[in-house]
Amino acid sequence: MSPLLDPPWTSASARRGFTLIEVVVALVVAGILLGMAIGAFGPLQNDRAVASAQSAFLSLHAQTRAFALERGTLARLVVDAAGDRAFVTIRLEAGGDSTVNSYDFQEVLGVAVASEPASPVICMTPRGVANPICAGGNVQVTFTRGSSESAVQILPLGQVIF
């Protein structure tokens, strides 16, 4: 039979699959789209990490107050800005302090911590109020990752502004 008389499904349509050029073009287009998507998510990841760091710090602040009230003892929230971490300690009856919780912002979230004054200590009394003498006034803790930044301010009696 001549090619003109062959049914259409037996010639070019009988070939199955994709050519190498078609596969390469599809992969290039997919790579470009993926690159654009990843570039758009970078700033969002920084924003979420900074918001998570702020939330973790507020949780540590609430835990400090709760430990002081529950145990009837002095509890401290220590901000180690040089180490990008914070931890909660309580005063033991036998003397000395015990660390009951800690959070490493750099290790967990990749967030840097700065504070004013440098490395402040916020003390909560057994009545659940901050001791203004311990911190020495207002404390500001700033969380930074990339171009994203957020701050928390702790007033002398322990109130939090964010």
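Note on Tyr103 and Val141: same hydrophobic cluster, where clusters join Ile, Leu, Val, Met, Phe, Trp and Tyr whose side-chain heavy atoms are under 4.5 Å apart, directly or indirectly. Under the 4.5 Å side-chain heavy-atom criterion for Ile, Leu, Val, Met, Phe, Trp and Tyr, Leu74 and Val78 are members of distinct hydrophobic clusters. Leu60 and Leu58 end up in the same hydrophobic cluster when Ile, Leu, Val, Met, Phe, Trp and Tyr side chains are linked at under 4.5 Å. In terms of hydrophobic clustering, with Ile, Leu, Val, Met, Phe, Trp and Tyr side chains grouped at heavy-atom distances under 4.5 Å, Leu77 and Leu69 are assigned to different clusters. Linking Ile, Leu, Val, Met, Phe, Trp and Tyr residues whenever their side-chain heavy atoms come within less than 4.5 Å leaves Val29 and Phe18 in two separate clusters.
Between Phe105 and Ala53, the closest heavy-atom pair is CE2-O, 3.4 Å. When all heavy atoms are compared, the tightest approach of Ala81 to Ala114 is CB-CA, 4.2 Å. Considering every non-hydrogen atom in both Met124 and His61, the closest pair reads CE-NE2, 3.3 Å. Here the shortest heavy-atom pairing between Pro156 and Ala130 reads O-CB, 3.6 Å. Heavy-atom minimum distance, Arg145 versus Ala49: NH1-CB, 3.2 Å. Taking each heavy atom of Val50 and Ser150 in turn, the nearest pair found is CG1-CB, 3.2 Å.
Distance check: Thr99 OG1 to Arg76 CZ gives 9.5 Å after rounding to the nearest 0.5 Å. Remark: Glu149 CD to Asn46 CG distance equals 12.0 Å, nearest 0.5 Å. If you take CZ on Arg48 and OG on Ser55, they are separated by 9.0 Å, rounding to the nearest 0.5 Å. Taken to the nearest 0.5 Å, the CG atom of Asp47 stands 7.0 Å off from the OG atom of Ser147. Between the CZ atom in Phe67 and the OG1 atom in Thr89 there is a gap of 10.5 Å [rounded to 0.5 Å]. One finds the CD atom of Glu107 at 10.5 Å from the CZ atom of Arg85 (value rounded to the nearest 0.5 Å).
Applying the side chain to side chain donor-acceptor pair (under 3.5 Å) test to every pair with at least one member in residues 114-130, sequence neighbours left out, gives no pairs at all.
Between Arg91 and Arg71 there is no side-chain heavy-atom pair separated by less than 4.5 Å. With contacts defined as side-chain heavy-atom distances shorter than 4.5 Å, the pair Val88/Ser102 does not qualify. Counting heavy atoms from C-beta outward, Asp84 and Val111 have side chains that stay 4.5 Å or more apart. Between Ile154 and Phe57, some side-chain heavy-atom pair lies under the 4.5 Å cut-off. In this structure the side chain of Ile122 never reaches within 4.5 angstrom of the side chain of Thr64, judged on heavy atoms. A 4.5 Å side-chain heavy-atom check between Asn101 and Phe87 finds every atom pair outside the cut-off. Here the side chains of Val152 and Phe143 are in contact, with some heavy-atom distance below 4.5 Å.
The hydrophobic cluster around Leu155 extends to Ile161, counting ILVMFWY residues whose side-chain heavy atoms fall within less than 4.5 Å of a member.
Counting non-hydrogen atoms of other residues, nucleotides and ligands closer than 6.0 Å to CD of Glu93 gives a total of 12 or fewer.
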